[in-house]
Amino acid sequence: MKNVLITGSSTGIGFATAICLARANYHVFAGVRSFKNVGPLQAAIDTNLPIQTVQLDVTDDASVTSAVQEVSRRAGSIDVLVNNAGIGGGGPIELVPIDGAKQIFETNYFGAIRMIRAVLPQMRERQSGAIVNITSLAGRLASGGSGHYSASKFALEATCEILAIETRPHGIRVAIIEPGVIATPIFSKGEAPNLDGNPYATPLRRMLKFFEAQLSQPTQPEAVAAVVQEVLESDSPKLRYTVGKDAELLLKMRQQINDEDWIGSGLLSDDELFKRTAEMIGVNLYAKSANAG
């Protein structure tokens, strides 16, 4: 039975991944920032699924060190790390305070780096292991209004690619999972931006319209969890995995557009933009969920 440590496991993708892997006979250590939010995990544990909770705040060096040591002591080794913990936070680059940008990077980027650095020595020593990093469609496709959230995911994507090259000779598998819009609490934790008098109201309005449409029929966290299991069990693993039809369609569209036209889309009217998008991918994602059929 392989031992898996998952960050950000109390809700959403992390919770779904913990349940999925436990049902597949992995020994899951579910990292949570606070034990106040472990009700659903405890319910799963009570059904005899092989899940144990561990206190873990990826923004705190001491917490990361303590959690990795605790899991290693309990299980003997950490075979798989799933970096899932993350926070949202878009907004125009000019208007987001530096402290806000730092907070996003502290969790989404440096949090993953802390975890990777903590588990790599034992994986290298064993010459085996897997590190799965949950990034985002926003880590491949930068759009107006996505701000430092997208930047943090782009940074993590680059690091994952570098890490995959560096660790391959040591028998360590690295994978990047790029979900589109997933039904998770991350979208309910932030406040909608105020568009009144905002000089960047147009890209913000379009971004909100896109999320509103996709959240009407979103991809479920269980779809991401299934891909994590696929990564761990595949005989021919890939570096990148896209999850969600919206992510697949938008990445396909972006590949067909040069940089100048992508940037120039900000000059189009909403009607022109929505029409061109629909013509390229067959659905107006600003009005309809990609999963609507």
Side-chain angles (χ1 to χ4, degrees), residues 1-22 24-38 41-42 44-45 49-87 103-135 152 155-156 159-160 162-177 224-225 228-229 231-232:
M1 182 182 288
K2 289 187 176 180
N3 304 311
V4 182
L5 174 57
I6 305 171
T7 69
S9 299
S10 59
T11 60
I13 292 171
F15 175 78
T17 302
I19 300 299
C20 175
L21 295 184
N25 205 35
Y26 290 82
H27 187 185
V28 174
F29 290 86
V32 295
R33 288 187 64 187
S34 171
F35 287 118
K36 295 179 181 178
N37 302 317
V38 297
L41 281 170
Q42 187 59 52
I45 293 170
L49 281 177
I51 299 174
Q52 296 183 51
T53 56
V54 58
Q55 196 281 327
L56 174 56
D57 180 352
V58 299
T59 67
D60 184 276
D61 290 340
S63 178
V64 168
T65 299
S66 175
V68 169
Q69 288 177 347
E70 181 179 350
V71 174
S72 299
R73 177 182 57 79
R74 290 193 211 171
S77 65
I78 297 173
D79 302 302
V80 178
L81 168 66
V82 180
N83 274 316
N84 166 72
I87 59 174
Q103 184 179 13
I104 293 167
F105 267 83
E106 199 61 51
T107 299
N108 295 359
Y109 180 73
F110 290 111
I113 300 304
R114 286 186 184 91
M115 295 303 304
I116 290 167
R117 295 183 71 243
V119 304
L120 267 181
Q122 59 175 277
M123 289 184 176
R124 275 193 299 102
E125 184 177 351
R126 294 195 314 273
Q127 292 290 291
S128 68
I131 297 173
V132 181
N133 298 290
I134 311 297
T135 62
S152 71
L156 185 56
T159 294
C160 293
I162 295 164
L163 186 69
I165 295 169
E166 293 175 344
T167 60
R168 177 63 64 84
H170 300 286
I172 299 168
R173 177 179 300 186
V174 176
I176 306 167
I177 298 183
V224 183
V228 174
Q229 183 179 350
V231 169
L232 299 180

Item checked: side chain to side chain donor-acceptor pair (under 3.5 Å) against Arg168, all qualifying residues, sequence neighbours excluded -> none

Checklist line | Partners meeting side chain to side chain contact (heavy atoms under 4.5 Å, CB included) with Thr53 (sequence neighbours left out) | finding: Phe35, Val38, Leu41, Ile45

Note to self: So for atom CZ, which belongs to Arg126, do other residues, nucleotides or ligands contribute more than 12 heavy atoms lying within a distance under 6.0 Å?
What the structure shows: yes

Note to self: Glu70: which residues meet the side chain to side chain contact (heavy atoms under 4.5 Å, CB included) condition with it, sequence neighbours left out?
What the structure shows: Val54, Arg73, Arg74

Checklist line | Neighbour count above 12 (heavy atom, 6.0 Å) for Glu125 CD | finding: no

Next item on the list: Give a yes or no answer on whether the side chain of Gln127 reaches the backbone of Arg124 with a donor-acceptor pair at less than 3.5 Å.
Entry: yes

Notebook entry, point to check: Do Ser152 and Asn108 have side-chain atoms, one donor and one acceptor, less than 3.5 Å apart?
Noted result: yes

Notebook entry, point to check: Would you say Thr7's side chain and Ala85's backbone share a donor-acceptor pair under 3.5 angstrom?
Noted result: yes

Item checked: Residues forming a side chain to side chain contact (heavy atoms under 4.5 Å, CB included) with Thr167, sequence neighbours excluded -> Leu120, Leu163, Ile172, Val174

Next item on the list: State which residues pass ring-ring contact (aromatic ring centres under 6.0 Å, His included) with Phe29; sequence neighbours excluded, sorted by chain then number.
Entry: His27

Margin query: Going by side chain to side chain contact (heavy atoms under 4.5 Å, CB included), name the residues that satisfy it together with Asp61, two or more places apart in sequence or in a different chain.
Written below: Arg114

Check: Between the side chains of Thr59 and Asp57, is a donor N or O closer than 3.5 angstrom to an acceptor N or O?
Finding: yes

Check: Do any N or O atoms from the side chain of Gln122 and from the backbone of Ile78 form a donor-acceptor pair under 3.5 angstrom?
Finding: yes

Checklist line | Heavy atoms of other groups near Gln103 CD, more than 12 under 6.0 Å | finding: no

Check: If you take all heavy atoms of Leu156 and Tyr109, which pair is closest and at what distance?
Finding: N-CD1, 3.7 Å

